[in-house]
Amino acid sequence: MKKLTLLSVVAVLALAAWGDRAFAGAQARLTGTVTDSAGSPIEGVAVTLTTPNLTTFKVLLKTDKKGKYGTILNDATMPYELKFEKEGFVTAEAKKKVPVGDTGVVDMRLLKTSEAAAAAGGAPAPPSASDLAAIAYNSGVDLLMSGDNAGATAKFLEAVGKNPDLPQGWQALTSLAYEKKDWAKTLEYGQKALDLDPTLSTIYAMLSTAAAQSGDKKASAQWQAKYEEANPDTPEALYNKGIDAYNKNKLKEAEAQLFKAIEAKPDFALAHFWLGMASFTLNKKAAAREHLQKYLELEPNGSEAGTAKEILPLLK
């Protein structure tokens with residue numbers, strides 16, 4: 001039986017906690033034509049586009065009367081996977097890496113199920129445990145997209161029950177447990193996902209928070225360090241580098257890192273505060289005033305509000 005592929009989990013709120021990704025300038029185009037065994041175009045084929053690099057990404061396309069489909073790839077630095085489905089035809093899959101600024105073409109010829117059965121000399125083989133796990137996982141994705149988190153959780157648990165070596169299932173369960181603030185399950189599921197696939201780096205930050213909420217500061221720091229190592233240019237990682245430099249009195253380095261942090265995340269209140277403090281120490285009064293005022297605008301009752309209010313009169 002043809003191996004089933006897994007759809008990507010989308011709209012998991014926990015993943016959004018670390019910011020949206022933007023890929024200006026790294027675009028490409030993907031297009032193609034789907035035909036039957038006779039070469040005739042097939043209308044209405046569902047083309048699902050995913051990438052193993054970003055589990056929150058999924059685009060659904062449909063072929064037109066000429067069997068054509070197409071889309072813009074906002075991030076052409078990643079490889080993509082395509083799945084072609086239509087009732088009465090055998091599902092097909094393809095992989096494609098399109099160079100930045102280029103147009104990638106993935107044409108596909110689909111066999112009718114009757115043709116495939118005839119070619120195989122009989123009825124198709126029954127689905128394997130991995131196939132059943134993929135079916136359960138994809139059902140979980142559909143439930144998650146419809147807002148049924150409880151139903152999605154049940155399906156993801158069914159999926160990993162049928163195939164314990166399914167990292168996407170454990171990753172989805174980690175995100176859902178994190179959203180519920182079930183810190184014990186977040187840690188349990190996240191560890192299982194990372195044991196299977198250490199590249200699922202967004203999980204590190206969730207585990208850091210879960211460990212901190214569970215009172216394990218050492219584990220929290222270790223997970224955070226792994227997250228920052230895997231994601232060195234996130235606003236949080238840049239902020240921590242800036243604070244580390246500030247504490248070592250490397251003020252120009254701190255200023256540079258904290259400026260990068262607010263460039264990546266303009267509403268990062270604490271980054272504005274410490275950038276203001278670094279600017280104040282460097283005698284850059286205008287910059288210090290700008291960032292301390294921005295901090296108070298974002299967090300008027302924040303933990304550093306008192307200090308900001310004390311320093312601002314000195315910057316006139």
Side-chain angles (χ1 to χ4, degrees), residues 11-27 54 56 74-75 77 175 178-179 181 201-213 216-316:
V12 178
L13 297 180
L15 299 181
W18 296 281
D20 295 326
R21 299 179 62 175
F23 301 101
Q27 293 184 335
L54 187 61
T56 56
N74 286 325
D75 180 12
T77 65
S175 297
Y178 180 90
E179 187 179 345
K181 298 184 179 181
S201 59
T202 53
I203 292 179
Y204 291 136
M206 285 186 274
L207 295 186
S208 176
T209 300
Q213 293 294 330
D216 192 340
K217 294 183 179 179
K218 181 179 179 181
S220 177
Q222 290 173 340
W223 287 120
Q224 183 64 27
K226 288 184 178 182
Y227 175 73
E228 292 178 5
E229 181 181 359
N231 303 274
D233 296 324
T234 63
E236 291 75 16
L238 294 167
Y239 170 80
N240 287 338
K241 289 177 184 178
I243 294 301
D244 184 59
Y246 185 91
N247 290 335
K248 294 176 180 177
N249 206 34
K250 298 179 180 179
L251 296 176
K252 289 187 177 180
E253 181 182 340
E255 181 185 39
Q257 295 294 338
L258 291 166
F259 187 79
K260 289 179 182 178
I262 64 170
E263 275 191 322
K265 186 178 180 181
D267 61 351
F268 199 156
L270 279 175
H272 279 287
F273 173 79
W274 288 109
L275 180 54
M277 294 298 293
S279 300
F280 174 68
T281 309
L282 291 168
N283 201 32
K284 296 181 178 181
K285 292 185 177 181
R289 181 170 56 251
E290 175 189 351
H291 293 294
L292 291 176
Q293 287 176 337
K294 185 64 175 179
Y295 169 74
L296 290 173
E297 176 186 329
L298 293 168
E299 290 192 4
N301 299 311
S303 59
E304 305 295 342
T307 302
K309 291 174 182 177
E310 288 179 7
I311 292 177
L312 277 171
L314 306 176
L315 301 174
K316 294 181 179 178

Closest non-hydrogen atom pair, [X] against [Y]:
{"X": "Leu258", "Y": "Gly242", "result": "CG-CA, 4.0 Å"}
{"X": "Ala264", "Y": "Pro235", "result": "CB-CG, 3.7 Å"}
{"X": "Ala305", "Y": "Pro300", "result": "CB-O, 3.4 Å"}
{"X": "Gly276", "Y": "Ala288", "result": "O-CB, 3.4 Å"}
{"X": "Lys309", "Y": "Pro313", "result": "O-CD, 3.0 Å"}

Any side-chain heavy atom of [X] sitting closer than 4.5 Å to one from [Y]?
{"X": "His291", "Y": "Ile262", "value": "yes"}
{"X": "Ile203", "Y": "Trp223", "value": "no"}
{"X": "Trp274", "Y": "Tyr239", "value": "yes"}
{"X": "Lys265", "Y": "Glu236", "value": "yes"}
{"X": "Leu270", "Y": "Ile243", "value": "no"}
{"X": "Leu292", "Y": "His272", "value": "no"}
{"X": "Tyr246", "Y": "Glu255", "value": "no"}

Which value, rounded to the nearest 0.5 Å, describes the distance between [X] atom [atom1] and [Y] atom [atom2]?
{"X": "Phe273", "Y": "Glu304", "atom1": "CZ", "atom2": "CD", "result": "4.0 Å"}
{"X": "Asn240", "Y": "Gln224", "atom1": "CG", "atom2": "CD", "result": "6.0 Å"}
{"X": "Lys285", "Y": "Leu315", "atom1": "NZ", "atom2": "CG", "result": "7.0 Å"}
{"X": "Thr281", "Y": "Leu251", "atom1": "OG1", "atom2": "CG", "result": "5.5 Å"}
{"X": "Leu238", "Y": "Glu228", "atom1": "CG", "atom2": "CD", "result": "9.0 Å"}
{"X": "Leu207", "Y": "Asp216", "atom1": "CG", "atom2": "CG", "result": "11.5 Å"}

#### Entry: Ser279 side chain to Lys284 backbone, donor-acceptor under 3.5 Å
no
### Message
Please report whether the ring centroid of Tyr227 lies less than 6.0 Å from that of Tyr204.
### Response
no
### Query
Is the CD atom of Glu229 crowded by more than 12 outside heavy atoms at less than 6.0 Å?
no
### Query
Where do Lys294 and Asp267 land on the side chain to side chain contact (heavy atoms under 4.5 Å, CB included) test, with the steps shown first?
CA-CA 9 Å; Lys294 185 64 175 179; Asp267 61 351; over 6 Å; no
### Task
Please check if any side-chain donor atom of Gln257 sits under 3.5 Å from a side-chain acceptor atom of Glu253, or the reverse.
no
